Amino acid sequence: MSDWNDKIIEEFRANGGKVGGPFEGTSLILLTTTGARTGAARTNPVACLRDGERLLVFASYAGAPRHPDWYHNLLANPTVTVEAGDGTAIETFTATAVPLAGEERDRMYARQAELVPVFADYQARTSRVIPVVALYPARE
């Protein structure tokens, strides 16, 4: 998985936040978390949805039976670094990760699944509830 992610990360950074292939047209960010056990910085490309000034990310892991490692990392260390691009430039900022719960989580996941239908497939593939996490930019 690391080689796969490394290629996406490289393409994202080289193209101001845009990538091709299976993620072409998908809103992606690069999310850097701190390893829960190792303390090492880990960067992952993740799909996102802008909701006002916060960004929402979805710990779908393509419908796998367990949460992705980055989700466990941000639960342990909720201060994250976000790289967001518009195709010309990348903005890097610190954010606080807050998992959503209940009706708000359900509503935001349904919105993402409506905009990007593969997210409905991801939820159908797994018995776990796919977490939705709000990323709130740090105030200067």
Side-chain angles (χ1 to χ4, degrees):
M1 185 62 102
S2 180
D3 287 344
W4 168 262
N5 280 349
D6 289 346
K7 289 177 183 161
I8 296 168
I9 291 165
E10 183 180 322
E11 183 179 1
F12 184 98
R13 288 177 174 155
N15 295 301
K18 296 294 181 193
V19 298
F23 297 108
E24 187 168 2
T26 302
S27 291
L28 289 181
I29 60 168
L30 299 183
L31 178 66
T32 301
T33 58
T34 301
R37 288 190 317 272
T38 65
R42 306 277 185 214
T43 300
N44 291 279
V46 295
C48 71
L49 175 64
R50 186 165 292 282
D51 184 52
E53 63 177 57
R54 69 185 185 174
L55 290 172
L56 303 177
V57 293
F58 307 87
S60 67
Y61 211 23
R66 66 180 187 87
H67 299 317
D69 292 342
W70 63 258
Y71 178 70
H72 296 289
N73 290 343
L74 67 75
L75 290 178
N77 301 294
T79 300
V80 299
T81 301
V82 175
E83 294 172 67
D86 62 5
T88 57
I90 294 175
E91 174 190 13
T92 302
F93 58 92
T94 301
T96 301
V98 179
L100 302 184
E103 185 277 332
E104 183 182 25
R105 178 261 166 224
D106 296 347
R107 185 169 40 87
M108 293 295 111
Y109 196 88
R111 187 163 141 211
Q112 177 70 356
E114 185 178 309
L115 294 168
V116 185
V118 73
F119 279 86
D121 297 339
Y122 295 158
Q123 187 60 79
R125 289 182 200 160
T126 185
S127 59
R128 68 183 172 92
V129 174
I130 293 174
V132 178
V133 179
L135 304 176
Y136 293 93
R139 300 277 178 223
E140 306 258 331

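Because only heavy atoms are used, hydrogens play no part in the values below, and waters and symmetry mates are left out as well, while side chains stay in. Quick caveat, the model's predicted, so the values are computed rather than measured.
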Inset, instruction - Please assess Arg13 against Ile9 for the test side-chain contact (heavy atoms from CB on, under 4.5 Å), listing each intermediate value before the final yes or no. - result: CA-CA 6 Å; Arg13 288 177 174 155; Ile9 291 165; 3.5 Å; yes
Legend entry - Verdict with reasoning, Phe93 to Leu55, per side-chain contact (heavy atoms from CB on, under 4.5 Å): CA-CA 12 Å; Phe93 58 92; Leu55 290 172; 4.0 Å; yes
Inset, instruction - Carefully, step by step, assess Thr34 and Asn73 under the rule side-chain contact (heavy atoms from CB on, under 4.5 Å). - result: CA-CA 6 Å; Thr34 301; Asn73 290 343; over 6 Å; no
Legend entry - Stepwise side-chain contact (heavy atoms from CB on, under 4.5 Å) check, Thr33 with Asn77: CA-CA 7 Å; Thr33 58; Asn77 301 294; over 6 Å; no
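Enclosure of atom CD in Glu103 by more than 12 non-hydrogen atoms of other residues, nucleotides or ligands within 6.0 angstrom is indicated.
Of all non-hydrogen atoms in Pro99 and Leu75, the two that sit nearest each other are CG-CD2, 3.6 Å. Closest of all the heavy-atom pairs between Glu83 and Ile90 is CB-CG2, 3.8 Å. Smallest separation of non-hydrogen atoms from Arg128 and Tyr61: NH2-CB, 3.5 Å. Taking every heavy atom of both residues into account, Thr126 and Pro65 meet most closely at OG1-CA, 3.8 Å. When every heavy atom of Trp70 is checked against every heavy atom of Ala59, the shortest pair comes out as CZ2-CA, 3.6 Å. Taking both residues in full, the closest heavy atoms of Arg50 and Glu53 are given as NH1-O, 4.3 Å, listed atom of the first, atom of the second, then distance.
In this view, Thr38 and Ala40, Arg42 satisfy the side chain to side chain contact (heavy atoms under 4.5 Å, CB included) rule, not counting sequence neighbours. Looking at residues two or more places apart in sequence or on another chain, you find a side chain to side chain contact (heavy atoms under 4.5 Å, CB included) between Arg54 and Asp51, Leu56, Leu100, Glu104, Met108, Ala134, Tyr136.
If you chain together hydrophobic residues whose side chains sit under 4.5 Å apart, Leu115 and Val118 fall into the same group. Under a hydrophobic clustering in which Ile, Leu, Val, Met, Phe, Trp and Tyr are joined whenever their side-chain heavy atoms come within less than 4.5 Å, directly or via other members, Leu28 and Val57 fall into different clusters. At a threshold of 4.5 Å between side-chain heavy atoms, the hydrophobic network of Ile, Leu, Val, Met, Phe, Trp and Tyr places Leu135 and Phe58 in two separate groups. In the hydrophobic clustering of this structure, Val133 groups with Val80; members are Ile, Leu, Val, Met, Phe, Trp, Tyr whose side-chain heavy atoms approach within less than 4.5 Å, directly or through other members. No continuous path of ILVMFWY side-chain contacts below 4.5 Å connects Val46 to Trp4, so the two sit in separate hydrophobic clusters.
Between Thr92 and the choices Thr81, Thr32, Leu30, the side-chain contact (heavy atoms from CB on, under 4.5 Å) rule is met once, by Thr81.
Between the side chain of Tyr122 and the backbone N or O of Ala113, no donor-acceptor pair lies under 3.5 Å.
Below 30°, between 30° and 60°, or above 60°: for His67 and His72 the angle between ring planes is between 30° and 60°, a tilted geometry.
Taken to the nearest 0.5 Å, the OG1 atom of Thr96 stands 11.0 Å off from the CG atom of Leu74. For the atom pair CZ (Phe23) and CD1 (Ile8), the distance works out to 4.5 Å, reported to the nearest 0.5 Å.
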